[in-house]
There are 2 protein chains.
Amino acid sequence: MLDATSSYNPMGTRIPVADRTGHRTVPETTRSTERRLPGTRYGNRPTMKDVAARAGVGLKTVSRVVNGEPGVTPETERRVQEAIEALGFRRNDSARVLRKGRTASIGLVLEDLADPFYGPLSRAVEEVARAHGALLINGSSAEDADREQELVLALCARRVDGLVVIPAGDDHRYLEPELKAGVATVFVDRPAGHIDADVVVSDNFGGARDGVRHLIAHGHRRIGFIGDMPRIHTAAERLRGYRTAMEDAGIPVEDPWMSLGVTDPERVRRAAREMLSGPEPVTAIFTGNNRVTVTVIRVLAGHPRPVALVGFDDIELADLLQPGVTVVAQDAAALGRTAAERLFRQLDGTLLAPERIELPTRLITRGSGELPPAD
Amino acid sequence: MLDATSSYNPMGTRIPVADRTGHRTVPETTRSTERRLPGTRYGNRPTMKDVAARAGVGLKTVSRVVNGEPGVTPETERRVQEAIEALGFRRNDSARVLRKGRTASIGLVLEDLADPFYGPLSRAVEEVARAHGALLINGSSAEDADREQELVLALCARRVDGLVVIPAGDDHRYLEPELKAGVATVFVDRPAGHIDADVVVSDNFGGARDGVRHLIAHGHRRIGFIGDMPRIHTAAERLRGYRTAMEDAGIPVEDPWMSLGVTDPERVRRAAREMLSGPEPVTAIFTGNNRVTVTVIRVLAGHPRPVALVGFDDIELADLLQPGVTVVAQDAAALGRTAAERLFRQLDGTLLAPERIELPTRLITRGSGELPPAD
DNA sequence: CCCGACTCTGACAACGTTGTCCAGGCTCTA
DNA sequence: TAGAGCCTGGACAACGTTGTCAGAGTCGGG
């Protein structure tokens, strides 16, 4: 019997699903599961040749009709159209691509499409792509550098014309041959590692600094910071913003006030509770991204005394909570749009040197950052 | 001067961006913007031929090495690997696809990737695809039937192996030739129109009925319903659930209690305000989807007396509002996963007749549905 | 009536890969 | 040592499309 996974697997990809058997997948001579009938093109779709035969014209004439090229008599065109209709012919873009060299598709590699930050970003990229007649292939790296590389290279093998990448890894030298080969590339949200390419990011440093300043302006001095893993560029930048704001205000930062790590709710909950307990608890918390913010809101909801909060990234319904959640908002759609537009300018050839574009963030005050220290 | 849109446009797609000039895009002889150098393959990437030449072996030997096929001396393999490395060769999957007949990619057409309901759904489909070595091409129909068809057909032209479609239109006969040609197809969230295909949906009727029953059980009789356009199947089913619950309880439904239309906040706001005013205002509202729910929450937040609310679709932070928002939750990820798994079973050939699968919904009570009528 | 110009059409090669098939060299056995 | 059989490697066609180019047909003017 075939196991479900290998039955359909046209690319013969080695899927790294935790290899529970332990023994290697030996390529042997020919595994039974890999056997496939020789000319098995599933549906046997009609080709231009079939259309030509049926219409009684030459192959190239069909091509001309299909592509709206001039030089075909109305009568001939009619016959061809009829044959196309009758056979249910649909041009095979794979073959077209092979011939033309461009695939009219671009790839987007992000962390997790299910994250409310990346949905709008992806949609914005798609819209720009659509305006250029290109389709979008999406891939989630799950914040895993290997998986990012695997995805990017798979996309390159498909010969996408361009790549928008939200890096998970921090070394992108593996992309050098691709860049040289002309694959347009733009990095978003975080810069690329060891490679010279276009980058579109938010002002993570400035945004975080302003958010923390806001707390300081409302009288807080013991301010906690809970963020993502420090190896992630945005997390590091936001932490730097926090430190800068504190230093500028002459507040020495205590180690227990900072907690960086995975955004797993359990870890975040523990971090928040620790900061809020002890002899000198924080009176305000700055959270490093939307997931952390949501978890901390839950913790604070169950906390006896009010604690001020400013979060990085806007979250839906933040205005309806009591108090409303003050945030440093970045514009995910604008990030995606800017990146995609730059990508297509690369493809147009109207773009020269790689550049770093920084989009501003916006402090949206809703109350939670204005709470005075409760001691 | 070229206009930005047409400069990169490999597929020569007619982009229907509101044609503000009014005059048709004539194909003339050859527009200057369409001219492209004949053999311009952007980067001139190395091919297997180049690798073969450099390694001093035959073409097929390179192919064997690249695909891990047996029958190559370690020494030869080493030479080939070296050449691959040196040239930065990457197999061209377009050509491979042409030869093999399968593209190892599937298409997902949904309404809007930026909607928090579709993000997780898309991600779930992607995970299943990944487990089968396939990539995912995403497209947003923006709830427009023409755009849905345009997208689906573009995907078919790319010869995706399968399609997961969240229908915007209600007639899918245009897909018949594709189905006949062997494109695996599964419809999700809403059934297909005039075509026999697999469908995976939530129990919209039952979910809505239970939600409304919940309100009735807490003493409400004047219950409003605000939903999406009635031509959308899910909206119609949920309305039917509402009516059934009301009839079962012997409550005659008044016309002004029901409002169906676009989910545009302005429309929804107006609808809610109307129901809440007049001599006999509703004491509870059932909202037909996440976007409507969010808008209505905002309206209720500014309303003088408490109004009960149950919404279809869960929303983030619903538990932290005052009161918590009671919802009928559907599992977007499960919808996507189920559909994708069925798709690959079609591709495996282990699937026979099309089927309709209905996933259950879950009533999550958080308080807003338990408010008693305030009169 | 012929010739050139023009229009329409089709044969052919090429895109980069993989499947088929055969050749040559090797080992092993009788 | 010859023949059988295996192992390795390579030539070639095919996948479905598009670009090139040349041929066939038409028309008008000299």
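Proteins come first, then strands; the chains are lettered A, B, ... in the order of their sequence lines, and each starts at number 1.
For D:dC15, neither phosphate oxygen OP1 nor OP2 lies less than 4.0 angstrom from any side-chain nitrogen or oxygen of A:Thr47. A sub-4.0 Å separation between OP1 or OP2 of D:dG19 and a side-chain N or O of A:Lys100 is present. In terms of phosphate contacts, A:Ser63 brings no side-chain nitrogen or oxygen within less than 4.0 Å of OP1 or OP2 of D:dG19. Remark: B:Arg99 is not in phosphate contact with D:dA14, judged by side-chain N or O atoms under 4.0 Å from OP1 or OP2.
Nucleic acid contact for A:Val57: sugar-phosphate only, since backbone atoms but no base atoms lie under 4.0 Å from a heavy atom of the residue. Residue-level contact check: B:Val97 touches neither bases nor backbone, having no heavy atom under 4.0 Å from any strand.
With rounding to whole Å, A:Glu69 atom CD is found 8 Å from D:dT18 atom C1'. In this structure, the CG atom of B:Asn67 is 12 Å from the C1' atom of C:dG19, given to the nearest Å.
Between the side chain of A:Lys49 and the base of D:dG16 there is no donor-acceptor pair of N/O atoms closer than 3.5 Å. Contact of A:Arg45 with D:dG16 (side chain to base): no donor-acceptor pair of N or O atoms is detected under 3.5 Å. For B:Arg64 against D:dG9, a side-chain N or O and a base N or O form a donor-acceptor pair under 3.5 Å.
With axes fitted over five pairs at each extremity, the angle between the ends of the helix from C:dC1-D:dG30 to C:dA30-D:dT1 is 60° (10° resolution).
Picking from D:dG9, C:dG16, D:dG19 the nucleotide with the shortest atom distance to the side chain of A:Leu98 gives C:dG16. Closest to the side chain of B:Leu59, from the set D:dT18, C:dG19, C:dT17, is C:dT17. Listed nucleotides: C:dT18, D:dG10, D:dT20. Nearest to the side chain of B:Thr61: D:dG10.
Scored by the salt bridge (Lys or Arg N to Asp or Glu O under 4.0 Å) test, B:Arg342 finds B:Asp198, B:Glu355 as partners (sequence neighbours excluded). Evaluation of the salt bridge (Lys or Arg N to Asp or Glu O under 4.0 Å) rule for A:Arg158 yields B:Asp93 as partners, not counting sequence neighbours. For B:Asp144, the salt bridge (Lys or Arg N to Asp or Glu O under 4.0 Å) criterion is met by no residue, not counting sequence neighbours. Residues satisfying the salt bridge (Lys or Arg N to Asp or Glu O under 4.0 Å) test with A:Arg345, not counting sequence neighbours, are none.
Salt-bridge formation is not detected for the pair A:Glu82/A:Arg79: no Lys NZ or Arg NE/NH1/NH2 atom is positioned less than 4.0 Å from an Asp or Glu carboxylate oxygen.
Residues of residues 81-95 of chain B having a heavy atom closer than 4.0 Å to DNA chain C, listed by number: B:Phe89, B:Arg91, B:Asn92, B:Ala95.
The aromatic rings of B:His132 and B:Phe344 sit parallel, their planes meeting at an angle under 30°, below the 60° perpendicular limit.
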